[in-house]
Structures are given as structure tokens and as C-alpha cells.
2 protein chains.
Amino acid sequence: MPLSKSLNFEQPCPIRDVLDRIGDQWSLLVLHSLQGEPRRFNELLREIGDISKQMLSKTLKRLEQDGFVTRTLYAEVPPRVEYALTELGSSFLVPMQQLVDWAKANHGGIVEARQTYTPADNSWQQPR
Amino acid sequence: MPLSKSLNFEQPCPIRDVLDRIGDQWSLLVLHSLQGEPRRFNELLREIGDISKQMLSKTLKRLEQDGFVTRTLYAEVPPRVEYALTELGSSFLVPMQQLVDWAKANHGGIVEARQTYTPADNSWQQPR
DNA sequence: TTTTGATAGTCTATTTTGTAGACCTATGGC
DNA sequence: GCCATAGGTCTACAAAATAGACTATCAAAA
């Protein structure tokens, strides 16, 4: 989580900085859901399904801070809030789509690997 | 973390499954470090810098399970263990590189967004 | 009139994760 | 004999995520 706990005096490494942001379990999923039209808070909650309100809230706030999404509050009752991708956010979806395509193409290989996996023999570690 | 807690009877969604795997704070960094030559456990530990032994161990084990890396134990003393990318792992670096390139290109925009960000006014929420 | 419902969150108690650091094996060097 | 090394594991503690209650406001249902 710290962008760099270890000897880092200059600006944070861009790669590390960005990976830390998107590599947090939910951001990618949220960005993915935001594709196309803007979404409301509860819509995202339902679409993603197994995210908690708190995490969705935090994730959106961070994405907003970092300029990936905008948050628009309509002063209605009950209140309506819409989240939409910014240009930066949209541009991010391009490389991310490559990743999603890779996932689709290689999911089978992963599942197969999981099945044929046998845990390593670390007998030199465990005195028996 | 669950691949799908909510109504999911069929096979897990490939996207979700893969994103869950790589979206875990360390996997991407580890794969990135593994680029080029194989690495030993402590090399990775030093290169990444702020990962704990336990998390590196867990991450590598999962990457191995999923067929992204191989683990080779040389029966020497002290023991030597080398981690290397499989073909699957290498192929994953292609889309990931796109992402890294995006990160480099857009890091400035993100930093800028962070600076100009002002927290939302949720006064309708908080009675004062 | 009181109740219910909807929205977008926040707050809190509990569970899950991650961290730091001690510890384990065997051997070689001093 | 004692320390160092490599690759982990184990444990006690700290940090983070979860579920569910709770907030406000107004409209419609009962």
C-alpha cells in the first residue's frame, strides 16, 4: 500500500504508483462497470455484486481523486449521484481491455494449471 | 476475494477470475520483477522492497498454482530456489506491458488530478 | 397519520489479512 | 563451537475489509 516504503526520496515510481492504485481488488472491476454509460452508486453495487458499500465508496473516491471518474450529485430527493469515466479513465480502458481479452483467451489454461498443480515438496524445511 | 459470492452457478467469469488473481497488490509487481531472467526468492524480496516474506511466498505459490511461474528447487546447501515465468506467464506480460506504458504516459495526469482534487460536499448527509 | 421505501453514504463491531520478527533445516568457514 | 546463508514457516500484533445498523429527506402507500 505505501507507494514505496523502501529508500525512495524522489517522485514515486510511475509503474508502482499506478499498479498500487489499480491493483486493489476492486478498482479494475469498478472501471470495467463504468464502461459505456455513467452509473449510480447502487447500480454499481448491484452490478459488481460482492463489493461492500464501504469499499465501493472508498474505491470511487480514490478513482475520483486520481482523475479516473467524475462524481455528479443531483440535488434531488432522494439524492442521485452519477459516476462517469473521465477522458483519462476512458483511455485507461484501452490497455485494460487488452488484459481482459488476454483473460478470456487464457482462462482455460489457468484452470487447467490449477487442476494439475501438486504442492511442492519442502521436506528440507520441515523436520519429520 | 470470492470469485463470485452473488448468484453464480456456472463457471466463474473469466474476467473476474483473472482480475481477482492479479488484482491483489503484489502479483503484478512480482510478475514484473520476473521479466527477463529467473529470480531467487531473496532476490525478489530485495527487488520489490516492501513486500513481506509471507506475502511473497503466498503470491508465488498462487502464481505457480495458476501456471504463471515455475519453481525449481536445487538440492544444495543452503538451498537455492529459482522462480521463472512459464509461457503463460510470459504471454501475460504483453498486455501488462501496455498497462505499464499507459502508466508511464499518464502518471503526470494522475498526479495533477490528485493535486487539484477537492473533496465532495456531502452536506445533505451530515446534519450539522 | 403513521409506516414504508428509496438514495447515498457513514459508523461500528467483528472477521479477515498482512506485517515484523523469531525460528527451523543443513552445511561451510572461522 | 558459533555465526552466516537460503528459503521458508509460525506466531503475535496491527491494519484493513465486511456486514449490518444508522443518518437525512421527501413521496407514496396503508
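Numbered from 1 within each chain, the chains take letters A, B, ... in sequence-line order.
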### Query
Closest to the B:V81 side chain: C:dG9, D:dA17, D:dG8?
D:dG8
### Task
Quick one: closest heavy-atom pair of B:F41 and B:L56, and the distance?
O-CD2, 3.5 Å
#### Entry: Positions of residues 34-43 of chain B (non-hydrogen atom under 4.0 Å from DNA chain C), listed by number
none
### Query
In terms of side-chain heavy atoms of A:Y83, which of D:dG8, C:dT19, C:dG9 is nearest?
C:dG9
#### Entry: Nearest heavy atoms of B:L28 and B:M96, plus distance in Å
O-CE, 3.2 Å
### Comparing A:V77 and A:M55 on DNA chain D - which has the more 5′ nearest nucleotide
A:M55
#### Entry: Under-4.0 Å salt bridge between A:D17 and B:R114
yes
### Message
How about CD on A:E112, more than 12 heavy atoms from neighbouring residues, nucleotides or ligands closer than 6.0 Å, or not?
### Response
no
### Phosphate-side-chain proximity, B:K53 and D:dT11, N/O vs OP1/OP2 below 4.0 Å
no
### Query
What is the distance, rounded to the nearest whole Å, between atom CG of A:D20 and atom P of C:dG18?
14 Å
### Summary
Judged by nearest nucleotide, the residue sitting upstream toward the 5' end of DNA chain C, B:P78 or B:I51, is B:I51
### B:R80 NZ/CZ over B:Y74 ring centroid, <6.0 Å and within 45° of normal
yes
### Query
Atom CD of A:E64 to atom C1' of C:dG9: distance rounded to whole Å?
14 Å
### Message
Between A:R71 and C:dG9, is there a contact of a side-chain N or O with OP1 or OP2 at under 4.0 Å?
### Response
yes
### Message
Does a side-chain N or O of A:S57 approach OP1 or OP2 of C:dT10 to a distance below 4.0 Å, or not?
### Response
yes
### Task
To the nearest Å, give me how far apart CG (A:L73) and P (D:dA24) are.
18 Å
### Query
Would one find a side-chain N or O of B:K61 under 4.0 angstrom from OP1 or OP2 of D:dG7?
no
### Task
Starting from the first five and the last five pairs of the helix from C:dT1-D:dA30 to C:dC30-D:dG1, work out the angle between the resulting helix axes, to 10 degrees.
30°
### Task
For B:D24 and C:dT16, give me the distance from atom CG to atom C1', rounded to whole Å.
15 Å
### Length of the line joining A:W26:CH2 and C:dT17:C1', which is rounded to integer Å
14 Å
### Nearest-Å distance for atom pair CZ/C1', residues A:R80 and D:dA27
16 Å
### Distance, rounded to the nearest Å, where A:L56 contributes CG and C:dA8 contributes P
10 Å
### Task
Provide, to the nearest angstrom, the distance between the CD atom belonging to B:Q54 and the P atom belonging to C:dC23.
17 Å
### Message
Regarding A:E47 and A:R39, does a basic nitrogen lie under 4.0 Å from an acidic carboxylate oxygen?
### Response
yes
### Task
Verify the neighbour count for atom CD of A:E87: are there more than 12 heavy atoms of other residues, nucleotides or ligands below 6.0 Å?
no
### Task
Can you see which heavy atom on B:E43 is nearest to which on B:P38, and at what distance?
OE1-O, 4.3 Å
#### Entry: Residue A:S52, side-chain atoms from C-beta onward, closest of D:dC26, D:dA19, C:dA8
D:dA19
### Query
Contact class for A:E76 vs. all strands (heavy atom < 4.0 Å): base, sugar-phosphate, or nothing?
nothing
### Query
Is a salt bridge present between B:R16 and A:D50, judged by a nitrogen-to-oxygen distance below 4.0 Å?
yes
### Query
Hey, what's the ring geometry for B:F68 with B:F92, parallel, tilted or perpendicular (30° and 60° as the breaks)?
perpendicular
